[in-house]
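Note that ligands are numbered from 1 as they come in the structure, with each ligand's atoms numbered from 1 the same way. Not measured: the values here are computed from a predicted model.
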Amino acid sequence: MKTGRTYFVADLHLTDERPAATGRFFRFLQEEAAGSDGLYILGDLFEAWVGDDDDEQVAHDTARRLKALADAGTPVYFMHGNRDFMLARHYAARSGMTLLADPARIDLYGMPTLLMHGDTLCTDDVAYQSFRRRVRNPLTLALLRRLPFALRRRLARQARAGSESAKAAKPAAIMDVNGDEVVRVLRGQQVSRLIHGHTHRPMQHVHALDGHDCERWVLPDWYARWGYVVCDAAGCALRVEDL
Ligand code: MN
């Protein structure tokens with residue numbers, strides 16, 4: 001029996017080092033996502049991902065839980081985030097997840113809705129955008145995939161440490177989405193609803209565009225809190241709770 005609802009999550013940053021978030025996610029799968037019309041994971045499901053040969057316990061457990069959900073009839077979709085952009089077909093198949101491009105435009109109960117991870121909207125962060133273009137280049141990705149697992153993990157740790165110290169030095173506004181870019185994307189994709197994560201600033205925004213209002217839903221991260229956006233034929237709602 002379907003519930004007539006669709007769930008959206010992002011930025012869970014799952015890792016063996018934070019079992020509380022993992023436990024909450026598995027409970028969410030059981031209590032909310034099960035039986036729903038679909039679960040969309042919009043990037044950064046994992047804290048880090050250097051290849052489908054990832055050996056963390058959480059990677060195995062998550063694959064098993066997601067596969068069970070998909071096998072029970074709830075489609076599970078995954079879009080890459082900036083932490084887990086190397087997640088590939090092999091792990092997606094193990095988890096029963098369908099890979100989505102970023103952006104993805106879906107029909108959500110009759111309303112065209114755009115899904116993104118959200119990092120491409122942060123155009124004020126010029127240094128990050130140039131880093132992103134370099135590492136997401138298919139040639140770079142193909143080279144990275146050929147490196148031994150231990151080396152890939154070391155490179156990812158270095159990149160993360162570099163990004164943490166760069167973030168500490170950046171004004172907060174630079175790491176948020178750029179309003180002009182949001183409007184440009186909404187207009188270009190001809191949608192009046194956008195759901196994304198990445199900024200860890202859960203909120204419902206309204207953007208006035210060409211004489212009508214557009215909704216932008218920002219998903220919460222799962223560090224000290226957890227939550228999702230849930231939509232049905234009547235509309236969407238954001239839920240955020242303490243972990
Ligand atoms: Mn992100």
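Geometry at the Mn ion (ligand 1): NE2/H117 and OD1/N82 form an angle of 90°, nearest 10 degrees.
Annotation for E31: atom CD counts as buried by contact number, over 12 foreign heavy atoms lying within 6.0 Å. More than 12 heavy atoms of other residues, nucleotides or ligands shown are found within 6.0 angstrom of CZ on R145.
When you scan the N, O or S atoms of H198 for the one nearest the Mn ion (ligand 1), you land on ND1. The atom name of the N/O/S atom in D44 closest to the Mn ion (ligand 1) is OD2.
Residues W222 and F28 form a side-chain contact, since some pair of their non-hydrogen atoms from C-beta on lies under 4.5 Å apart.
A donor-acceptor contact closer than 3.5 angstrom is absent between the side chains of Y7 and T74.
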